[in-house]
Amino acid sequence: MEIIYRNIESLDWVTLTILISLLLLTLSKYLFKGMFSNFIILPFNNKYVTLYNKKGKLLNWFHLLLTLFQLINFSLFIFLVTNILHQESTNNTPVLFFTFLGVLIAYLLIKISLQMINGYVFDSNNLVSGLIFNKISYFNYSSCIAFLANIILTYVLYDSKPVIYVAIFSIILINGIGLVNALRNHQKLISINVFYFILYLCALEIAPIVIIGSYLND
């Protein structure tokens, strides 16, 4: 019998990344069962944001674990999408993944810092912190979609562009629901601080999108 050697592309670091993500999700569920139960139905019931928006807000372990889960999975999703759409074979070199991860972490920290400074300067801390908590919560939830897409794109349908498009649409839809709920939940504060809210949108929400869009077009 002749032995046939097959070259199998190593996915060890991707597998490790997915396992770390699964561990973070499992720890979140095991350590914070009540919060996780409310979180898992977030797009269909805003109870999670309503209950926990005033209980530690951003500085609680459940929120931090899920935010780390979000950053890892969005970075891996962007990495896989980049490889598939540009037909680049870089699965053996996770440098690009860590680059995406570093950029996302820096972007999140800088943006939150600017938002908190904005809230302090214009005396609208409650409004700004509530919006931040709501927005990150929905980003955390939508990262579960990225997590599932990462598994499918890595082990099942590697070159599947429909999986990418469905995942991106689902992520946008979930965060769109979050935006609508945020506006509805804070409509009284927004009506009182309408000028500061418009300034917040222009400076910290719309401007980064315009800058990134301009960069990509160039």
### Query
In this structure, which one of L27, L65, N60 forms a side-chain contact (heavy atoms from CB on, under 4.5 Å) with F32?
L65
## Note on the structure
So CG of N150 and CD1 of I78: to nearest 0.5 Å the spacing works out to 10.0 Å
### Query
Should I152 and Y165 be regarded as members of a common hydrophobic cluster, given that ILVMFWY residues are connected when their side-chain heavy atoms come within less than 4.5 Å of each other, either directly or indirectly?
yes
### Shortest non-hydrogen contact between N140 and L66, atoms and distance
OD1-O, 3.4 Å
### Heavy-atom pair of closest approach, residues L42 and S137
CD2-O, 3.6 Å
### Query
Taking atom CZ of F62 and atom CZ of F39, what is their separation to the nearest 0.5 Å?
5.5 Å
### Message
Membership question, hydrophobic clusters at under 4.5 Å side-chain separation (ILVMFWY): are Y30 and L25 in the same one?
### Response
yes
### Query
Can S37 and Y48 be counted as having a side-chain donor-acceptor contact under 3.5 angstrom?
no
### Task
Might you point out which heavy atoms bring S142 and N175 nearest each other, and give the distance in Å?
OG-ND2, 3.2 Å
### Message
Using 30° and 60° as the class boundaries, would you call the ring planes of F97 and F79 parallel, tilted or perpendicular?
### Response
perpendicular
### Message
Nearest 0.5 Å, please: how far is CD in Q70 from OH in Y141?
### Response
14.5 Å
### Query
Is it the case that one hydrophobic cluster holds both V81 and V166, taking links as side-chain heavy atoms less than 4.5 Å apart, direct or via other members?
no
### Task
Measure across F74 and I171 and return the closest heavy-atom pair with its distance rounded to 0.1 Å.
CE2-CD1, 3.8 Å
### Query
Looking at side-chain heavy atoms only, is the closest gap between L109 and I105 below 4.5 Å?
yes
### Query
Any chance the side chains of N73 and S143 put a donor and an acceptor closer than 3.5 Å?
no
### Message
Would you compute the distance between atom NZ of K135 and atom CD1 of I112 and round it to the nearest 0.5 angstrom?
### Response
8.0 Å
### Task
Please round to the nearest 0.5 Å and tell me the distance separating atom CD1 of I41 and atom NZ of K47.
7.0 Å
### Query
Is L19 linked to W13 within one hydrophobic cluster, defined over Ile, Leu, Val, Met, Phe, Trp and Tyr using a side-chain heavy-atom separation of less than 4.5 Å?
no
### Task
Grab the two heavy atoms, one from I174 and one from P43, that are nearest each other, plus how far apart they are.
CG2-CG, 4.4 Å
### Query
How long is the gap from CD1 on I72 to CG on L76, to the nearest 0.5 Å?
9.5 Å
### Message
Ignoring hydrogens and geometry beyond distance, is a side-chain donor-acceptor pair present between N181 and Y138 at under 3.5 Å?
### Response
yes
